[in-house]
Colleague: 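I have a structure I would like to understand better, so I am pasting it below and will then ask my questions one at a time.
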2 protein chains.
Amino acid sequence: MSDLPALAPATKHNHARCVRDALDTAEAVCARRGARLTALRRHVLELIWRSHKAIKAYEILDQLAGEIGAARPPTVYRALEFLMAHGLVHRVDSLNAFVGCADASHRHDAQFFICDACGTVREIDDVTIGRAVSRGAERLGFEVERRMIELHGRCGSCQ
Amino acid sequence: MSDLPALAPATKHNHARCVRDALDTAEAVCARRGARLTALRRHVLELIWRSHKAIKAYEILDQLAGEIGAARPPTVYRALEFLMAHGLVHRVDSLNAFVGCADASHRHDAQFFICDACGTVREIDDVTIGRAVSRGAERLGFEVERRMIELHGRCGSCQ
DNA sequence: CGTGAATTGTTATATTATTACATAGCGTCC
DNA sequence: GGACGCTATGTAATAATATAACAATTCACG
């Protein structure tokens with residue numbers, strides 16, 4: 001399992017461009033809101049986008065430490081908190097890890113398909129799933145505020 | 001937020017019986033499989049069933065320690081591992097906590113509705129949600145092995 | 001510039017979980 | 001019944017994940 005970009009092989013994927021787009025979107029989103037995408041936060045976001053796998057907070061920490069010299073947990077967790085607050089990054093609860101948001105330009109539901117073989121996390125927003133959940137909630141009289149939908153298994157190229 | 005049983009108030013709920021049923025089912029499931037529901041494992045299962053909230057491993061540990069005297073993390077985690085392996089308990093990843101399985105008698109999909117106000121976790125098996133997920137996976141060529149669907153919000157009585 | 005708010009640094013600690021190895025219980029085969 | 005082997009439990013240490021609390025710095029804005 002390399003650290004290089006992991007995506008379905010059928011997908012012609014220019015990852016440099018993929019990262020650039022993510023960072024550009026992040027800049028735009030933050031600018032629009034008057035939020036400060038500082039060098040540190042941007043750097044953390046970039047580390048997260050090095051691959052399409054979920055990355056752990058302490059992996060980010062190690063990489064930062066290797067580059068900046070000093071880095072402590074709060075540095076990373078605060079950056080993550082900011083990035084998540086602005087929808088630029090998602091936390092994958094079942095992995096205690098973080099992944100770049102595939103479409104940070106607007107708020108949306110998301111479901112995560114996590115390949116346990118190669119580690120790739122594929123984010124989709126499937127309205128059918130969303131609606132099914134909403135109807136289930138309604139039947140229970142439950143008001144949903146946060147949805148965590150994470151499916152583990154094997155991606156197409158790892159089966 | 002008390003530690004007493006928490007369920008929708010409309011639900012007339014005899015919790016003593018609810019626990020007894022859970023333990024009986026557990027005995028039956030284990031007997032059928034030749035698995036040993038030891039005193040310790042049974043005790044942990046009982047602690048988990050004290051309420052319909054998710055309980056943390058270290059809360060179980062504290063309660064055990066108060067009763068048995070000594071108790072160390074592996075004791076609890078091993079019991080949990082056993083109980084989960086036999087479908088008697090679910091892990092709620094978004095809470096790092098554990099909840100009794102509402103229907104341990106057979107394998108099934110599950111979705112969890114977690115009230116962030118009172119802590120109650122309601123487990124349902126909604127085929128519509130299940131099917132929607134399966135179709136989404138199919139479209140991606142993804143083979144799902146484990147589903148984690150946890151919806152946070154407010155239950156009917158906490159809105 | 002000077003000021004207040006936001007950001008980052010730093011130390012310590014809390015919380016969650018596992019590894020590794022020792023001991024004890026328990027079934028079964030002769 | 002005793003030796004063997006397997007499963008379960010005890011114990012100590014530590015790894016992995018996350019937050020609290022307070023100090024120092026930076027930055028926007030007047």
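Only heavy atoms go into these numbers, but all of them, side chains included; no hydrogens, no water, no symmetry mates. The sequence lines fix the lettering, A, B, ..., with proteins before strands; numbering per chain opens at 1.
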Colleague: Identify whether the distance between the nearest side-chain nitrogen and carboxylate oxygen of B:Glu27 and B:Arg42 falls below 4.0 Å.
Modeller: yes

Colleague: Strictly by modelled atom types, are A:Arg50 and A:Gln63 linked by a side-chain donor-acceptor pair under 3.5 Å?
Modeller: yes

Colleague: Between B:Arg146 and A:Asp116, is the closest basic N to carboxylate O distance under 4.0 Å?
Modeller: no

Colleague: A:Asn96 has an atom CG; how far is it from atom P of C:dT18, in whole Å?
Modeller: 10 Å

Colleague: Could you tell me how far apart B:Tyr77 (OH) and C:dT15 (P) are, to the nearest whole angstrom?
Modeller: 12 Å

Colleague: A:Lys56 side chain N/O closer than 4.0 Å to the phosphate oxygens (OP1, OP2) of D:dA16?
Modeller: no

Colleague: When the distance from CG of A:Asp62 to P of D:dT17 is rounded to whole Å, what number comes out?
Modeller: 10 Å

Colleague: Can you check the A:His43 NE2 to C:dT7 P distance for me, whole Å?
Modeller: 19 Å

Colleague: Suppose we screen for salt bridge (Lys or Arg N to Asp or Glu O under 4.0 Å). Which residues come up paired with A:Asp62, at least two apart in sequence or across chains?
Modeller: none

Colleague: Rounded to the Å, how far apart are A:Leu37 CG and D:dC27 P?
Modeller: 14 Å

Colleague: Indicate for each nucleotide in nucleotides 7-15 of chain D, in 5' to 3' sequence, whether protein heavy atoms under 4.0 Å reach the base (B), only the sugar-phosphate (S), or nothing (-).
Modeller: -SBBBB---

Colleague: Rounded to whole angstroms, how far apart are CG on A:Leu61 and P on D:dT17?
Modeller: 11 Å

Colleague: Taking the cut-offs as 6.0 angstrom to the six-membered ring centre and 45 degrees off its axis, would you call B:Arg41 and B:Phe82 a cation-pi pair?
Modeller: yes

Colleague: What pairs with A:Glu138 under side chain to side chain donor-acceptor pair (under 3.5 Å), at least two apart in sequence or on another chain?
Modeller: none

